[in-house]
Amino acid sequence: MTAYEPKVECLLRLGDTALVLGHRLSEWCAHAPVLEEDLALSNTALDLLGQSRRWLTYAGELEGKGRDEDDLAFKRDTHEYRNVLLVEQDNGNYADTLARQFYFDVWHQLVLQHLTSSGDKRVAETARQALTEVTYHVRRSSDLVIRLGDGSEESRRRMQAAIDEFWIFTGELFEVDEADQAMIGEGVMGDVRLLKDAWCARVTEVIQQAQLRLPPASAMRSGGRRGVHSELLGYLLAEMQFLPRAYPNTKW
């Protein structure tokens with residue numbers, strides 16, 4: 001398993017998570033249920049791509065191996081990625097995509113709010129820039145979960161199934177390891193464990209407004225932050241990385 005310095009590790013987790021989810025959302029382009037959603041998902045994907053670029057650029061600089069954001073995005077293998085498992089899951093139907101996005105957005109907003117107080121000025125500034133975009137993401141995904149949950153019998157059934165299905169991937173969002181602890185101790189990163197109650201409260205509020213049930217307690221899946229992924233990420237990277245690997249160092 002590839003080892004990174006603690007700050008690089010934490011930056012990669014932020015950058016890889018945004019990159020992988022951005023790619024997943026881009027797969028909906030020209031396939032969304034309605035044109036408005038097609039545009040909204042594409043714009044969200046672009047927001048995440050921009051955020052990922054800033055995190056990965058900084059990670060590459062700190063790593064000191066001459067790798068820029070493009071190298072980190074397109075020239076690493078599956079086990080070197082540090083995204084959470086939640087974001088690499090298949091899009092499924094539209095309710096699946098919304099449930100995945102909703103869980104992530106609420107967490108993402110809380111994390112960025114925390115990072116705006118980082119002792120690392122660059123981390124704080126990147127978080128502030130991203131927070132404006134993510135605040136909109138949260139509002140949008142929450143509203144759509146409510147509309148589908150409190151909609152037709154079919155939309156409610158699908159939304160409930162999606163809320164239940166992706167719940168098992170949310171525990172990883174609040175894990176802390178040695179790299180996290182090192183950066184928490186230096187005041188660079190926030191302790192995500194302190195955000196869990198706020199996340200649960202917001203998620204519960206929206207699910208109840210949607211007339212849905214909270215998912216039952218279950219064993220959580222994790223490993224992505226350590227580079228242990230499902231086969232889904234391998235397929236995603238094969239598609240995402242094809243051109244830069246087939247034509248390395250090409251200038252467009």
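Note that the coordinates shown come from a computational prediction; the quantities given were computed from them, not determined experimentally.
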So, taking the atom named [atom1] in [X] and the one named [atom2] in [Y], what distance separates them when rounded to the nearest 0.5 Å?
{"X": "D47", "Y": "S42", "atom1": "CG", "atom2": "OG", "answer": "11.0 Å"}
{"X": "D177", "Y": "M183", "atom1": "CG", "atom2": "CE", "answer": "11.0 Å"}
{"X": "L14", "Y": "T126", "atom1": "CG", "atom2": "OG1", "answer": "9.5 Å"}
{"X": "N83", "Y": "R24", "atom1": "CG", "atom2": "CZ", "answer": "10.0 Å"}
{"X": "D197", "Y": "F174", "atom1": "CG", "atom2": "CZ", "answer": "9.0 Å"}
{"X": "L236", "Y": "E231", "atom1": "CG", "atom2": "CD", "answer": "12.5 Å"}

Exercise for the section: Please step through side-chain contact (heavy atoms from CB on, under 4.5 Å) for the pair L144 and E37, ending with a clear verdict. Expected result: CA-CA 10 Å; L144 286 169; E37 284 305 297; 3.6 Å; yes

Exercise for the section: Sort and list the pairs that fulfil side-chain hydrogen bond (donor to acceptor under 3.5 Å, both in side chains) and have at least one residue in residues 209-219, not counting sequence neighbours. Expected result: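 Applying side-chain hydrogen bond (donor to acceptor under 3.5 Å, both in side chains) to every pair that reaches into residues 209-219, excluding sequence neighbours, yields E205-Q209.
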
Practice task
Consider only side-chain N and O atoms of Q109 and H137, and report whether a donor and an acceptor are under 3.5 Å apart.
Solution key: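 There is no such pair (donor and acceptor under 3.5 Å, judged by atom type) between the side chains of Q109 and H137.
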
Exercise for the section: Would you check if there is a donor-acceptor pair between the side chains of R100 and Q89 at a distance under 3.5 Å? Expected result: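 Checked: Q89/R100 side chains show no N/O donor-acceptor pair below 3.5 Å.
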
Counting only heavy atoms not in [X], do more than 12 fall under 6.0 Å of its [atom1]?
{"X": "R221", "atom1": "CZ", "result": "no"}
{"X": "R54", "atom1": "CZ", "result": "yes"}
{"X": "E178", "atom1": "CD", "result": "no"}
{"X": "F74", "atom1": "CZ", "result": "yes"}
{"X": "Q129", "atom1": "CD", "result": "yes"}

Please name all residues satisfying salt bridge (Lys or Arg N to Asp or Glu O under 4.0 Å) with [X], sequence neighbours left out, ordered by chain then number.
{"X": "R139", "result": "none"}
{"X": "R156", "result": "none"}
{"X": "E61", "result": "R122"}
{"X": "D120", "result": "K7"}

Are [X] and [Y] side-chain neighbours, meaning at least one heavy-atom pair lies under 4.5 Å?
{"X": "L19", "Y": "W55", "value": "no"}
{"X": "D68", "Y": "T57", "value": "no"}
{"X": "D96", "Y": "D90", "value": "no"}
{"X": "L98", "Y": "R158", "value": "no"}
{"X": "P6", "Y": "M189", "value": "no"}
{"X": "V20", "Y": "L233", "value": "yes"}
{"X": "L21", "Y": "T17", "value": "no"}
{"X": "P244", "Y": "K75", "value": "no"}

Under the side-chain hydrogen bond (donor to acceptor under 3.5 Å, both in side chains) test, residues paired with [X] that sit two or more places apart:
{"X": "E63", "value": "R67"}
{"X": "D105", "value": "Q101, S141"}
{"X": "R245", "value": "D77, Q241"}
{"X": "Q160", "value": "D164"}

Handout entry: Any donor-acceptor N/O pair, H229 side chain to G234 backbone, under 3.5 Å
Key =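 Between the backbone of G234 and the side chain of H229 there is no qualifying donor-acceptor contact (under 3.5 Å).
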
Handout entry: Test item: S52 side-chain N/O and D16 main-chain N/O as donor-acceptor pair under 3.5 Å
Key =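 Not a single qualifying donor-acceptor pair exists.
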
How far apart are the closest heavy atoms of [X] and [Y], and which atoms are they?
{"X": "L56", "Y": "G15", "value": "CD2-CA, 4.0 Å"}
{"X": "S155", "Y": "L148", "value": "OG-O, 2.7 Å"}
{"X": "A59", "Y": "L12", "value": "CB-CD2, 4.0 Å"}
{"X": "F102", "Y": "R202", "value": "CZ-O, 4.5 Å"}

Problem - Verdict with reasoning, E88 to S230, per side chain to side chain donor-acceptor pair (under 3.5 Å) - result: CA-CA 8 Å; E88 69 191 50; S230 67; 2.7 Å; yes

Exercise for the section: Test M159 against every option in V145, I207, D150 by the side chain to side chain contact (heavy atoms under 4.5 Å, CB included) rule and name the one that passes. Expected result: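 That would be V145; it is the only one of V145, I207, D150 passing the side chain to side chain contact (heavy atoms under 4.5 Å, CB included) with M159.
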
Please enumerate all residues that pass ring pair (Phe, Tyr, Trp, His ring centres under 6.0 Å) together with [X], with sequence neighbours excluded.
{"X": "F166", "result": "none"}
{"X": "Y94", "result": "W28"}
{"X": "W167", "result": "Y103, W199"}

Problem - Steps toward side-chain contact (heavy atoms from CB on, under 4.5 Å) verdict (R193, E175) - result: CA-CA 7 Å; R193 293 171 297 189; E175 289 183 350; over 6 Å; no

Exercise for the section: Check the pair R226, H79 against side-chain contact (heavy atoms from CB on, under 4.5 Å), reporting the backbone distance first and the verdict last. Expected result: CA-CA 8 Å; R226 304 190 306 275; H79 69 278; over 6 Å; no

Handout entry: SB check E9 R13 (cutoff 4.0 Å)
Key =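 Result for this pair is yes, salt bridge flagged.
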
